[in-house]
Number of protein chains: 2
Amino acid sequence: MARRYDPGRRQRIIDAAAAVVRARGIAGLSHRAVAAEADVPLGSTTYHFATLDDLLVAVLRQINAEWLADVERWAEGVDPETEPADELARWLGELLTGERARLELEYELYFAALRHEAARPLAAECLDEMGRILTRIVPDAATARAVVALIDGLTLQALLTDRPYDPEGARTALARIIGGSGHSGA
Amino acid sequence: MARRYDPGRRQRIIDAAAAVVRARGIAGLSHRAVAAEADVPLGSTTYHFATLDDLLVAVLRQINAEWLADVERWAEGVDPETEPADELARWLGELLTGERARLELEYELYFAALRHEAARPLAAECLDEMGRILTRIVPDAATARAVVALIDGLTLQALLTDRPYDPEGARTALARIIGGSGHSGA
DNA sequence: CAACGATGCGTACGAGCGTACACAACTCGC
DNA sequence: GCGAGTTGTGTACGCTCGTACGCATCGTTG
């Protein structure tokens with residue numbers, strides 16, 4: 001039977017599940033697919049995560065945490081001297097060109113929340129946390145919420161259509177929402 | 001065997017499929033579920049739609065068309081004297097309180113486009129058409145695109161979290177994006 | 001009214017799925 | 001070093017699914 005001593009297998013299963021979701025979407029998440037990806041027997045995934053929902057929540061939690069950590073890291077590197085709209089528009093551009101897969105993963109979470117009661121709090125936490133981080137960059141909390149909404153909408157447009165991202169249009173819209181000294185473009 | 005003469009069955013199958021998607025989401029769409037909902041035998045659904053993807057596309061096309069017709073109807077009833085931001089914010093509020101199910105259905109389409117190549121053009125068409133309609137209400141096309149993004153983001157926030165819709169916040173953000181004579185609130 | 005294509009019906013097959021469960025192999029406290 | 005609890009393994013059951021296919025029945029065209 002060749003049983004393997006494998007501490008941290010639980011984490012490896014989560015990582016494998018994330019890979020499965022990335023490749024096939026949440027609809028493609030299954031005990032068997034994860035077991036194959038993690039190179040562990042089927043029984044092992046069902047041992048660590050009794051039900052598929054448990055596994056789903058664990059994966060979404062991890063994806064969410066990684067994403068928020070990324071956002072946090074980005075926010076720390078923002079130059080307080082430049083216009084927030086410029087920084088945001090540039091950041092969006094980088095994400096959409098270089099990390100499409102990561103973004104798709106995060107939006108997979110959003111949509112899971114639409115149907116899965118269990119994922120609802122995670123999506124809410126993500127939105128709140130994004131707002132909290134942005135509050136350090138834009139004037140106030142209400143503005144931050146609006147910026148989150150606009151960013152989500154713009155990202156969705158770029159992800160759903162294969163149209164190229166329009167940095168100038170994004171910058172203008174962000175500047176208008178943020179207000180302040182933003183030179184609001186044509 | 002009691003065969004029934006049933007012209008327009010194809011349409012009834014599409015309607016049933018829409019009901020299934022509304023109730024269980026795209027993940028719950030299956031030939032069998034649709035057949036049961038439409039009260040036709042299994043073979044009938046596979047005759048009219050050889051593959052499940054065909055059925056999915058037909059449903060999404062219909063959902064999309066109905067949605068856009070609704071938007072069109074709303075746009076025609078907009079009073080050109082009042083502020084666009086006010087009208088938009090009020091409309092959003094009505095949708096979110098009274099027609100949550102319809103909205104969820106439309107966003108289900110968005111979600112499908114993320115993974116299903118076949119649904120991509122439909123999502124793109126929806127975004128374009130929304131922009132086209134809004135161009136009659138806001139100053140220019142670029143602004144219309146930004147408004148669509150903001151609306152999508154706000155809707156997503158309201159649908160994903162169970163937080164109540166904030167009409168005043170929405171109105172303020174919309175007014176800023178639209179610009180013009182919008183009294184941009186506090 | 002005959003023949004033919006379009007449409008409707010029932011069933012069957014093979015695959016993938018979640019889950020349960022019995023048993024094996026290990027770690028760790030004593 | 002030994003017993004108990006934890007972790008790993010293999011397999012099996014029952015279900016749903018997409019799809020294919022043979023046959024029945026209808027409208028239509030000639």
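Quantities reported herein were computed from a predicted structural model and do not represent experimental measurements. Proteins come first, then strands; the chains are lettered A, B, ... in the order of their sequence lines, and each starts at number 1.
- Summarising the geometry, the separation between CD1 on B:I13 and P on C:dT7 is reported as 12 Å, rounded to the nearest angstrom.
- Distance CG (A:D39) to P (D:dG10): 11 Å, rounded to an integer number of Å.
- Applying the 4.0 Å criterion to OP1 and OP2 of D:dC17, one finds that B:S30 has a side-chain N or O inside that range.
- Side-chain proximity of B:S44 to the nucleotides D:dG18, D:dG8, C:dG8 is greatest for C:dG8.
- Put simply, the side chain of A:R9 and the base of D:dG8 share no donor and acceptor less than 3.5 Å apart.
- Distance B:D54 CG to D:dG18 C1': 13 Å, rounded to the nearest Å.
- A:R100 pairs by the side-chain hydrogen bond (donor to acceptor under 3.5 Å, both in side chains) definition with nothing, not counting sequence neighbours.
- If you measure from atom CG of A:L52 to atom P of C:dG16, you get 17 Å, rounded to the nearest angstrom.
- Sequence order on DNA chain D of the closest nucleotides to A:Y47 and A:L42 puts A:Y47 first from the 5' end.
- Regarding A:F49, its CZ atom lies at a distance of 19 Å from the C1' atom of C:dC17, rounded to whole Å.
- Looking at B:I63 and B:R22, their side chains never come closer than 4.5 Å, going by heavy atoms from C-beta outward.
- Remark: the B:T82 side chain and the B:D79 side chain contain no N/O donor-acceptor pair separated by less than 3.5 Å.
- Residue A:H48 places at least one side-chain N or O closer than 4.0 Å to OP1 or OP2 of D:dG8.
- Within 4.0 Å of B:L29, counting heavy atoms only, lie sugar-phosphate atoms of the nucleic acid but no base atom.
- Distance, B:R32 CZ to C:dT11 P: 13 Å, rounded to whole Å.
- Looking at B:E108, its side chain does come within 3.5 Å of a backbone N or O of B:I26 through a donor-acceptor pair.
- Atom-to-atom, CZ of B:R12 to P of C:dT7 comes out at 15 Å; the value is rounded to the nearest Å.
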